[in-house]
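Here's the structure we're looking at; comments come further down.
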Amino acid sequence: ADVYFHGEVYPYPTRWEGLHLLPGHGPRLRTVELVTEEEVKDKVVHRLRDFLALADVRSAFELVLIDTSPSKGPLNRSAMRAATHLLFPTIMEPQAIEGLQGMMQMWRREQATREMHDPCEIIAIQPNLVRHNVALHEGYLDGLRNDERIGSLVSPVLLHQRIAFAEADHPDAVPRSVFELPERNAAREEAGAFCEYVEQRLFN
């Protein structure tokens with residue numbers, strides 16, 4: 001939130017060397033969301049892009065990941081304006097699919113403002129919390145894959161609804177990461193395949 005309030009920004013170190021975290025601040029970010037439409041472009045939309053373009057930031061970080069909610073508000077417009085690549089996780093249920101369509105429309109509008117040398121590319125539409133043998137999920141997944149406009153963007157990796165993914169968010173989780181589970185654990189295998197696919201799309 002300090003990026004939008006002209007404050008100094010101090011990323012937190014983590015237990016992984018080279019990985020830093022800048023947590024959000026709910027109340028202050030909600031204040032940013034309350035700006036009027038006339039103020040959005042001037043006060044919000046370009047702010048994150050300008051911050052990430054600072055020489056000190058560019059020299060300190062090779063890759064910046066921004067996690068947002070699936071809304072079309074000023075903060076998400078700011079994040080999309082700053083982004084070089086997008087990843088859209090979505091569950092196979094009606095409200096989430098409608099939200100995905102809204103984000104795709106937002107992306108198309110953003111693309112229209114970009115120069116040819118500065119595209120905002122979609123890495124993948126990532127099926128998440130997929131349930132085996134559930135007709136609703138299978139139907140929406142088939143619908144996405146067969147959509148002429150976005151079918152090629154759907155990730156071939158499926159992240160299924162697994163307790164290991166949910167437990168990983170608990171502060172007392174043991175192990176503390178799905179990547180510390182046994183190598184043949186299904187959740188670890190899916191997470192690993194997902195990371196490999198993202199890396200391939202980013203750097204190849």
Side-chain angles (χ1 to χ4, degrees), residues 10-24 26 52 57-71 76 79-80 82-97 99-100 103-104 107 119-147 150-204:
Y10 297 98
Y12 291 77
T14 68
R15 64 190 180 103
W16 292 282
E17 183 178 358
L19 178 66
H20 290 74
L21 179 68
L22 196 63
L52 294 177
V57 177
R58 294 178 65 87
S59 65
F61 299 100
E62 179 181 7
L63 180 67
V64 177
L65 302 177
I66 305 169
D67 184 24
T68 73
S69 63
S71 75
N76 274 13
M80 195 171 287
T84 59
H85 297 79
L86 301 174
L87 176 67
F88 294 131
T90 185
I91 60 176
M92 300 296 104
E93 295 183 6
Q95 188 173 4
I97 297 299
L100 171 64
M103 295 304 293
M104 293 297 297
W107 168 71
C120 181
E121 301 179 20
I122 296 178
I123 296 175
I125 295 170
Q126 179 58 55
N128 193 24
L129 297 177
V130 179
R131 296 178 62 185
H132 284 293
N133 300 319
V134 174
L136 178 70
H137 285 211
E138 293 177 355
Y140 275 113
L141 182 58
D142 287 343
L144 287 178
R145 286 171 168 169
N146 295 323
D147 189 315
I150 61 176
S152 62
L153 300 173
V154 179
S155 169
V157 179
L158 301 183
L159 297 176
H160 289 88
Q161 189 175 47
R162 300 188 186 280
I163 191 63
F165 290 136
E167 288 181 338
D169 288 335
H170 195 281
D172 298 324
V174 178
R176 297 171 66 185
S177 166
V178 293
F179 295 103
E180 295 173 4
L181 292 167
E183 290 187 7
R184 299 306 299 272
N185 179 277
R188 176 171 173 173
E189 288 181 340
E190 288 181 3
F194 164 73
C195 291
E196 289 175 5
Y197 182 72
V198 170
E199 182 180 22
Q200 177 187 6
R201 294 280 291 145
L202 271 175
F203 301 113
N204 290 347

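Please read these numbers as outputs of a predicted model, since none were measured by experiment.
- Side-chain contact between R176 and R15 is present, with at least one heavy-atom pair separated by less than 4.5 Å.
- In terms of the side chain to side chain contact (heavy atoms under 4.5 Å, CB included) criterion, residue partners of N185 (sequence neighbours excluded) are, by chain and number, L181, P182, A187, R188.
- The structure places SG of C120 at 6.0 Å from CE of M80, a figure rounded to the nearest 0.5 Å.
- No side-chain heavy atom of R58 sits under 4.5 Å from any side-chain heavy atom of L52.
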Side-chain donor-acceptor pairs of residues 196-203 under 3.5 Å, sequence neighbours excluded:
residue : atom : partner : partner atom : Å
R201    : NE   : I123    : O            : 2.8
R201    : NH2  : I122    : O            : 2.9
R201    : NH2  : I123    : O            : 3.3

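- When every heavy atom of Y140 is checked against every heavy atom of P94, the shortest pair comes out as OH-CG, 3.3 Å.
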Checking side chain to side chain contact (heavy atoms under 4.5 Å, CB included) for the pair F88/I150: CA distance, chi angles, key distance, verdict? CA-CA 12 Å; F88 294 131; I150 61 176; over 6 Å; no

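- In this structure the side chain of L144 never reaches within 4.5 angstrom of the side chain of N146, judged on heavy atoms.
- Remark: S69 engages S71, N76 in a side chain to side chain contact (heavy atoms under 4.5 Å, CB included) (not counting sequence neighbours).
- Side-chain atoms of W107 never come within 3.5 Å of backbone atoms of E121 as a donor-acceptor pair (strictly under, hydrogens ignored).
- Evaluation of the side chain to side chain contact (heavy atoms under 4.5 Å, CB included) rule for L21 yields T14, P23 as partners, not counting sequence neighbours.
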Hey, can you pull the donor-acceptor pairs under 3.5 Å for the side chains in residues 127-138, sequence neighbours left out?
residue : atom : partner : partner atom : Å
H137    : ND1  : R131    : N            : 3.1
H137    : NE2  : E93     : OE2          : 3.3
E138    : OE2  : N133    : N            : 3.4

Between H20 and L22, is the side chain to side chain contact (heavy atoms under 4.5 Å, CB included) condition met? List the steps. CA-CA 7 Å; H20 290 74; L22 196 63; over 6 Å; no

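- For the atom pair CG (L153) and CG (L87), the distance works out to 11.0 Å, reported to the nearest 0.5 Å.
- H85 contributes atom NE2, which lies 13.0 Å from atom CD1 of I66 (distance to the nearest 0.5 angstrom).
- Between A79 and T68, the shortest heavy-atom distance links the atoms CB-CG2, 3.9 Å.
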For residues 154-167, please give each side-chain donor-acceptor pair under 3.5 Å, one per line with the distance, not counting sequence neighbours.
residue : atom : partner : partner atom : Å
S155    : OG   : Q126    : OE1          : 2.9
S155    : OG   : V157    : N            : 3.0
S155    : OG   : V157    : O            : 3.4
H160    : ND1  : E190    : OE2          : 2.7
R162    : NE   : E190    : OE1          : 3.3
R162    : NE   : E190    : OE2          : 3.1
R162    : NH2  : E190    : OE2          : 2.7

